[in-house]
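Note on naming: letters A, B, ... go to the chains in the order of the sequence lines (proteins, then strands), and numbering restarts at 1 for each one.
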Amino acid sequence: MTHWALIPIQSVVILVAVLLSTGVLLYALLKIHSRIMNRVGPMYAGRFHGVGQPIAEFLKPIQKEDIVPTLADAPVFKIAPLIALIPAFLVFAVIPIAPGLVGANIDLGLFYVLAISALSAIAIVMAAYASASKFTLVGGLRAVGQIIAYELPIVLGAVTIAMIAETLSLSKIVDAQSFPFVVWPYWGPHHGIAGWIFGLVPWGAIAFGMFMLASFAEVMWNPFDMPAAESEIITGPYTEYSGMRFIFFYMSEFAHVVALSAIASLLFFGGWRGPILPPVLWFLIKVSVFGVFFIWVRFTMPRLREDQLQKLAWKLLIPLGLLTVLGVAITKVINK
Amino acid sequence: MSDYYVNYAAVAVLGAVILLFGLGTFAGWALLRPKRWNKEKNAIYECGIDAVGEQWKQPNVRYYIFAFLFVVFDVEALFLFPWAITYQKLGVYAVVEMVVFIAILFFGLAYAWGRKVLDWA
């Protein structure tokens, strides 16, 4: 709980932390990408192994011209990057990094995270439509089709965890997890054959699989990067953008990856819980592992086709998600 | 002020700080950047040639049915959240009710699947 007078300072701290984390993710992305492609990556900026590269990536476009296409819908075109940036950063208000160490400890934490991060779709539609370009229009349609299809597996995976933990507060979800975390929802005595059958299904693990797959699609990274497939539609919805507006879209995308890594480790891997090391360090380790996993998958997977990714969402993940929700409900009621 | 309001105020203040950061960056950018208007440069990108035809074309939205399905399932998800954290206190009745609710949606999805609207049109 923060004193109200400290809120502005706390907000600035959160903003700086988010900017730092996106910079670290960018550096990790450049270096791991290079390693996967068997080259060294940035080596000069910041003297030591190119650690200054994220700052250079920010300072270069700030000197670039602001190009607004003549035919574009200028006000919407100009405001879209801000609409992308604000929700992507605002998610971090409710993410706890240690017991009691959280910007806003609201009881609806999980619901808030899902609701706020869903707003990014609106910014992409604004950018795509206001640019008045064919590439952006195609990219925007693909992006929206993908985001709405994979919103549901994320929500169903999150509801599964909320049912197991019986709360929507992110801190309380972490508190509800003991060692095997939430892979199996029920560890008490099982009642009858049905109790055993339902109790042995790893509902939490299924929810985790759905959540991770859908996360890749939500941030539009490989194997789900059809909306910004550079070999066919340049950079999709961002084709017409330049300078800081372009960078804002990228910052929001990176912040989204960090947020999803943090949420995955909070929901499924016990957040800050762990032996010996202090809680904050455990949380950072878990988030980093997820971040590296995102980058690893991004640079080693081929791209899915548009109809394949829609099929994956609607014919596999959503029915599976509904069954998981029912499965957890039945497991917990039978074994009560 | 109670904790409840302080927490939501923290969210609002963070939103304002992010907005200030964004506007401040734009202001700094406006001071640093060059400004040279050019007809060719400010045209829509279309592989280097002049853009052909209208820019806001009518696209073939093959997945508009998915948008309808999405609204249905997203509203369902909205009902799932309050149910998910209280169903154990409400007893078997609440679970049976949610089974019926999800079954109806499931048959809706199965019907859409059978009508082949989930395939590339």
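The part of A/Pro61 that comes within reach of chain B is its backbone (N, CA, C, O), which places non-hydrogen atoms under 4.5 angstrom from that chain. At a 4.5 Å heavy-atom cutoff, the contact between A/Val68 and chain B is made by backbone atoms alone. Heavy atoms of A/Thr70 lying under 4.5 Å from chain B belong to its backbone as well as its side chain. Looking at B/Leu78, the atoms closer than 4.5 Å to chain A (heavy atoms on both sides) all sit in the side chain, from C-beta outward. Looking at A/Ile62, the atoms closer than 4.5 Å to chain B (heavy atoms on both sides) sit in the backbone and in the side chain alike. With a 4.5 angstrom heavy-atom cutoff, A/Phe135 touches chain B only via side-chain atoms.
The choice from B/Asn38, B/Asp74, B/Ile18, B/Leu32 that makes the most heavy-atom pairs within less than 4.5 Å of chain A is B/Ile18. With chain B as the partner, the residue from A/Ile14, A/Val144, A/Val138, A/Asp66 showing the most heavy-atom pairs under 4.5 Å is A/Asp66. Contact count against chain B (heavy-atom pairs under 4.5 Å) is highest for A/Glu65 among A/Met251, A/Glu65, A/Lys64. Contact count against chain A (heavy-atom pairs under 4.5 Å) is highest for B/Leu69 among B/Leu20, B/Val95, B/Leu69. Annotation: maximal heavy-atom pairing with chain B below 4.5 Å, among A/Ile234, A/Ile330, A/Thr239, occurs at A/Ile234. Heavy-atom pairs under 4.5 Å with chain B peak, among A/Ile247, A/Thr160, A/Ile67, A/Val12, at A/Ile67. With chain B as the partner, the residue from A/Asp107, A/Leu19, A/Ile116, A/Val18 showing the most heavy-atom pairs under 4.5 Å is A/Leu19. When each of A/Ala162, A/Pro69, A/Pro8 is checked for heavy-atom pairs under 4.5 Å with chain B, A/Pro69 comes out on top.
Closest approach of A/Glu166 to B/Ile85, counting heavy atoms only: C-CG2, 3.6 Å. Scanning all heavy atoms of the two residues, the minimum distance from B/Ala84 to A/Met163 falls at CB-CG, 3.3 Å. The two residues A/Ile7 and B/Ala10 come nearest to each other via the heavy atoms CG2-CA, 3.7 Å. Minimum heavy-atom separation, B/Val11 to A/Ala104: CG2-CB, 3.7 Å. Residues B/Ala77 and A/Val155 share a closest heavy-atom pair of CB-CG1, 3.5 Å. In terms of heavy atoms, A/Ala93 sits closest to B/Leu14 at CB-CD2, 3.5 Å.
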**Report entry** Chi angles and distances behind the side chain to side chain contact (heavy atoms under 4.5 Å, CB included) call for B/Phe70, A/Ile147
**Finding:** CA-CA 10 Å; B/Phe70 171 73; A/Ile147 288 174; over 6 Å; no

Requested in this report: Please lay out, stage by stage, how B/Leu80 and A/Leu156 fare under the test side chain to side chain contact (heavy atoms under 4.5 Å, CB included).
Outcome: CA-CA 9 Å; B/Leu80 270 180; A/Leu156 293 172; 3.7 Å; yes

Query raised in the report: After noting the C-alpha distance and the side-chain angles of B/Leu109 and A/Trp314, does the key distance pass the side chain to side chain contact (heavy atoms under 4.5 Å, CB included) rule?
Result: CA-CA 9 Å; B/Leu109 188 65; A/Trp314 288 99; 4.0 Å; yes

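By the side-chain hydrogen bond (donor to acceptor under 3.5 Å, both in side chains) test, B/Arg115 is found to be paired with B/Tyr111, residues two or more places apart in sequence or in another chain being considered. Contacts of A/Phe246 classified as ring-ring contact (aromatic ring centres under 6.0 Å, His included), with partners at least two apart in sequence or in another chain: A/Tyr250. Checked against side-chain hydrogen bond (donor to acceptor under 3.5 Å, both in side chains), A/Lys60 has no partners two or more places apart in sequence or in another chain.
Counting heavy atoms from C-beta outward, B/Phe81 and A/Leu114 have side chains that approach closer than 4.5 Å. Side chains of A/Glu151 and B/Phe73 form no contact here, defined as non-hydrogen atoms less than 4.5 Å apart.
Within 6.0 Å of CD1 in A/Ile79 there are 12 or fewer heavy atoms belonging to other residues, nucleotides or ligands. For CZ of B/Phe101, the number of neighbouring non-hydrogen atoms (other residues, nucleotides, ligands) closer than 6.0 Å is greater than 12.
Residues of residues 23-30 of chain B having a heavy atom under 4.5 Å from any heavy atom of chain A, listed by number: B/Leu23, B/Thr25, B/Phe26, B/Trp29.
The distance from atom CG of A/Leu322 to atom CE of B/Met98, rounded to the nearest 0.5 Å, is 10.5 Å.
When atom types are taken as modelled, the side chain of B/Asn7 and the backbone of A/Asn105 share a donor-acceptor pair closer than 3.5 angstrom.
By the 30° and 60° cut-offs, the orientation of the rings of B/Phe21 relative to A/Phe248 is parallel.
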